[in-house]
Amino acid sequence: MLPDRLAVDRTLVMGVVNVTPDSFSDGGRWFTPDAAVAHGRALLAEGADILDVGGESTRPGAGRVSVDDELARVLPVVEALAGLGAVVSVDTTRAVVAEKAVEAGALIVNDVSGGLADPRMYETVARLGVVYVLMHWRGPSDVMDDLEAYDDVVLDVRDELARRVEAARAAGVDRSDLVVDPGLGFSKAGAANWPLLARLPELDLGLPVLVGASRKRFLGHLLADDDGTPAPPERRDHATAALSALAAASGAWCVRVHDVRPSADAVRVAAAWGEAESAGKV
Ligand code: PMM
């Protein structure tokens with residue numbers, strides 16, 4: 001069940017705390033536990049509703065880190081941020097990391113593999129009874145760009161998510177603990193991301209939807225220089241905030257972003273807009 005603190009009348013904002021030396025978007029900046037905790041505190045002050053702590057980069061082409069390294073990276077940060085009263089999610093594809101992070105205070109497991117990377121993930125989250133973000137995924141980061149073939153990307157992603165949801169339910173995960181995510185950028189390098197955003201309501205599986213567009217490659221392409229050079233990750237934050245407003249207006253439950261304040265403002269704009277729109281219809 002979602003904690004009561006998250007029961008607000010607007011789209012939530014999840015701030016990214018990557019404890020990795022090599023994330024594409026903010027690689028290495030918050031790599032020590034102290035720096036990561038300080039960064040998490042700053043994101044809370046900017047309006048983050050949830051802090052997403054991850055110790056393994058999913059940058060296109062990235063290889064794996066060992067379980068021990070991943071645990072050493074995330075556990076002290078999860079513990080410290082949960083100790084401050086934050087709602088913490090752990091960004092991991094490993095059941096053992098999910099379990100230890102929940103013991104350290106995480107309330108949400110955010111699995112970019114949607115349960116496909118670790119056969120023990122569903123039974124683990126079912127036993128822990130925590131919220132589980134199930135993302136659309138077709139394969140690990142070093143091969144994901146080769147797994148991009150869709151008839152209709154929106155319908156294909158919805159059907160693949162529906163199958164994963166069924167499998168999670170069969171393993172005992174409570175429906176009220178499930179959140180789905182179209183997995184922008186994962187086996188979707190460029191144009192395929194736009195229909196997923198523009199047709200977000202078609203992903204409807206009767207479950208909350210999380211959108212993670214922040215600083216992704218397709219925004220770099222959109223904002224490329226005249227000579228075609230993609231905009232670097234730190235130049236993609238305004239576009240990210242614009243997408244947060246649009247995703248919120250389309251009914252997203254949560255947006256996952258690096259730069260929290262602009263998206264915290266954007267989801268409030270969308271909420272005020274939606275409220276005025278509904279009031280006008282009475
Ligand atoms: N994207 C990244 C990492 N974790 N989790 C969810 N649920 N959805 C996403 O789109 C997602 C994620 C990759 O971005 P990063 O390297 O900047 O964290």
Side-chain angles (χ1 to χ4, degrees), residues 11-31 36 39-40 43 48-65 70 73-74 77 88-94 97-98 101 106 108-117 121 125 130-138 140-142 144-145 157 161 164 178-189 192-193 196-197 200 203 207-220 232-237 239-240 243-244 247 252-260 263:
T11 299
L12 297 168
V13 177
M14 173 186 271
V16 179
V17 181
N18 280 329
V19 199
T20 57
D22 58 346
S23 277
F24 78 95
S25 49
D26 53 5
R29 290 180 66 193
W30 329 109
F31 188 44
H39 184 53
L43 296 186
D49 301 295
I50 303 168
L51 296 175
D52 189 36
V53 179
E56 181 169 47
S57 170
T58 51
R59 178 175 50 84
R64 305 284 328 247
V65 298
E70 191 182 350
R73 289 176 185 183
V74 299
V77 180
V88 175
S89 74
V90 60
D91 187 342
T92 186
T93 62
R94 290 179 166 131
V97 177
I108 300 173
V109 173
N110 173 27
D111 177 3
V112 299
S113 82
L116 289 168
M121 185 59 102
V125 291
V130 289
V131 174
Y132 180 57
V133 180
L134 188 161
M135 201 192 81
H136 177 260
W137 189 83
R138 283 185 164 180
S141 299
D142 54 347
M144 68 179 177
D145 284 353
V157 166
L161 279 175
R164 300 321 308 159
L178 282 168
V179 172
V180 291
D181 180 333
L184 301 175
F186 290 80
S187 296
K188 306 153 198 94
N193 295 284
L196 286 167
L197 286 160
L200 202 59
L203 288 177
L207 295 170
V209 176
L210 187 148
V211 171
S214 187
R215 296 185 181 168
K216 287 200 171 152
R217 285 177 290 176
F218 72 104
L219 295 178
E234 63 279 5
R235 261 270 296 121
R236 304 172 191 168
D237 283 333
T240 299
L243 278 183
S244 292
W253 168 75
C254 181
V255 290
R256 178 184 181 277
V257 296
H258 301 87
D259 188 11
V260 162
S263 284

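All ligand and atom numbering here is 1-based and tracks the order in the structure.
The shortest heavy-atom contact between A213 and L243 is CB-CD1, 3.7 Å.
Atom CZ of R236 and atom CG of D259 lie 14.0 Å apart (nearest 0.5 Å). Remark: D52 CG to D91 CG distance equals 4.5 Å, nearest 0.5 Å.
Close approach of ligand 1 to L210 is summarised as follows: ligand atoms under 4.0 Å from at least one heavy atom of the residue are 7 (N). Using a 4.0 Å cut-off to heavy atoms of V112, the atoms of ligand 1 that qualify are 4 (N), 5 (N), 12 (C). Of all the atoms in ligand 1, the ones that sit under 4.0 Å from a non-hydrogen atom of N110 are 5 (N), 6 (C), 7 (N). Heavy-atom contacts of D91 reach the following atoms of ligand 1: 3 (C), 4 (N), 12 (C) (cutoff under 4.0 Å).
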Next on the checklist: Let's go through R164 and W137 carefully: what are the C-alpha distance in whole Å and the side-chain angles of both, what is the deciding distance for side chain to side chain contact (heavy atoms under 4.5 Å, CB included) to 0.1 Å, and is it a yes or a no?
Outcome noted: CA-CA 10 Å; R164 300 321 308 159; W137 189 83; over 6 Å; no
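The shortest N or O to N or O distance between D52 and ligand 1 is not under 3.5 Å. Considering backbone and side-chain N/O atoms, V16 never comes within less than 3.5 Å of an N/O atom of ligand 1. Among the atoms of S214, none of the N or O lies under 3.5 angstrom from an N or O of ligand 1.
Contacts between N18 and ligand 1 below 4.0 angstrom, taking non-hydrogen atoms only, involve the side chain exclusively. Of the heavy atoms in R215, none comes closer than 4.0 Å to ligand 1.
Residues D181 and R256 are not paired through a salt bridge, judged by the lack of any N-O separation under 4.0 Å between the basic side chain and the carboxylate. Salt-bridge check for D145 with R217: passed, with a basic side-chain N closer than 4.0 Å to an acidic carboxylate O.
With K216 contributing its side chain and N193 its backbone, the two residues share no donor-acceptor pair below 3.5 Å.
Using a 4.0 Å heavy-atom cutoff, M14 is absent from the residues neighbouring ligand 1.
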